[in-house]
Amino acid sequence: MQLTFVTDLGQTYAVDIDPDMELENVMALLEAESSIPPGEQSISHNGRELTDPKATIRALGVGEHAMLLLRRRVNVPGPEGRPIEQDAEMMRLQILGDPQLMRQLQDTLPEIAAAAQSNPTRFAELLSQQRDRAQQAELGRQREIAALNADPFDVEAQRRIEEAIRNQAVMENMEHALEYSPEAFGRVTMLYVPVEVNSHPVKAFVDSGAQQTISTSCLTFVVSV
């Protein structure tokens, strides 16, 4: 089954798991995706925080394609010695102290990034709005899926389900491409150097990560290599 975890900043992490996987193991997978240690993770589903690390996802009532809220705790002892969940100001300070996260916000949510730097009150408002939009979008998606699945013999409903699956696959392929082939989505400056091979002028392409030097068969013939 696939679950989607959403942070207060709208960052999403799609994780494929077995429904009988225990919550603590899911949190370990999330650490690899989000860099949030399991001990600092707060996971909620339908407004209810999931607190039993030994309980399975199935036992916790989380179904296929569910969206869960992932928040980060700050290890500040509360009245009973337990960590207090991170509020907007604590999150703002975390962003200010994490240059990589700040750059990511400036690219994806520039208004929130600007507010984090200069306006704490506005930052808290935008953070709340972002969270509400994410929750409303997920509720709408779940309602639509439920409506489509209500009549399995409805041809139009099946067409829309197929389209949703296809769109999801396209987005997953896009995320994969952005992660592993980012040069395909922007301008990349190539380095060409004029050289001589056996007294023949040649323009060589330099790739610092190449495992070997290659040439075309035509060039090999011309320069007699």
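Treat the numbers as computed from the prediction; the structure is a model and nothing was measured.
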Checklist entry - Is Q41 reaching over with its side chain to a backbone N or O of M27, donor-acceptor style, under 3.5 angstrom? => result yes
Checklist entry - So do the side chains of Q106 and Q117 get within less than 4.5 Å of each other, counting heavy atoms only? => result yes
Checklist entry - Does I43 belong to the same Ile/Leu/Val/Met/Phe/Trp/Tyr cluster as M1, with side-chain heavy atoms less than 4.5 Å apart forming each link? => result yes
Next on the checklist: With clusters defined by side-chain heavy atoms of hydrophobic residues (ILVMFWY) lying less than 4.5 Å apart, directly or transitively, does L127 cluster with M102?
Outcome noted: yes
Checklist entry - Does the side chain of H65 come within less than 4.5 Å of T4's, by heavy atoms? => result no
Checklist entry - Are S35 and E31 side-chain neighbours, meaning at least one heavy-atom pair lies under 4.5 Å? => result no
Checklist entry - How long is the span from the CG atom in D18 to the CZ atom in R58, to the nearest 0.5 Å? => result 7.5 Å
Checklist entry - Can you name the closest pair of heavy atoms from A66 and H45 and give their distance? => result CB-NE2, 3.9 Å
Checklist entry - CD1 of I112 to CD of E125: how many Å apart, nearest 0.5 Å? => result 11.5 Å
Next on the checklist: If hydrophobic clusters are built from ILVMFWY residues whose side chains come within less than 4.5 Å, do L30 and V6 share one?
Outcome noted: no
Item to check | Separation of L23 CG from D52 CG (nearest 0.5 Å) | outcome: 7.5 Å
Checklist entry - Is the shortest heavy-atom distance from the side chain of L70 to the side chain of I36 under 4.5 Å? => result yes
Next on the checklist: Count I, L, V, M, F, W, Y as connected when their side-chain heavy atoms are under 4.5 Å apart, and connections chain through other members. Are V193 and V197 then in the same cluster?
Outcome noted: yes
Item to check | Check: R92 side chain, A116 main-chain N or O, donor-acceptor pair, under 3.5 Å | outcome: yes
Next on the checklist: I'd like to check L191 versus F205 (side-chain heavy atoms, cut-off strictly below 4.5 Å). Are they in contact?
Outcome noted: no
Next on the checklist: With rounding to the nearest 0.5 angstrom, report the CG to CG distance, D20 to N25.
Outcome noted: 12.0 Å
Checklist entry - Looking at side-chain heavy atoms only, is the closest gap between L50 and R48 below 4.5 Å? => result yes
Checklist entry - So, E156 and R159, do they make that salt bridge, N to O below 4.0 Å? => result yes
Next on the checklist: Nearest 0.5 Å, please: how far is CD in Q2 from CD in E64?
Outcome noted: 7.5 Å
Checklist entry - Heavy atoms, side chains only, cut-off 4.5 Å: are F5 and V15 in contact? => result yes
Checklist entry - Do P19 and T56 come close enough that some side-chain heavy atom pair is under 4.5 Å? => result no
Item to check | Full working for side chain to side chain donor-acceptor pair (under 3.5 Å) between S215 and T220 | outcome: CA-CA 7 Å; S215 69; T220 301; 2.9 Å; yes
Checklist entry - Can any side-chain N or O of N198 pair as donor or acceptor with the backbone N or O of H200 at less than 3.5 Å? => result no
Next on the checklist: Would you say Y13 ends up clustered with L60 if hydrophobic residues are merged whenever their side chains have heavy atoms under 4.5 Å apart, either directly or through other cluster members?
Outcome noted: yes
Checklist outcome for this item: So CG of L29 and CD of E24: to nearest 0.5 Å the spacing works out to 11.5 Å
Checklist outcome for this item: Nearest heavy-atom contact between G97 and P99 is O-CD, 3.6 Å
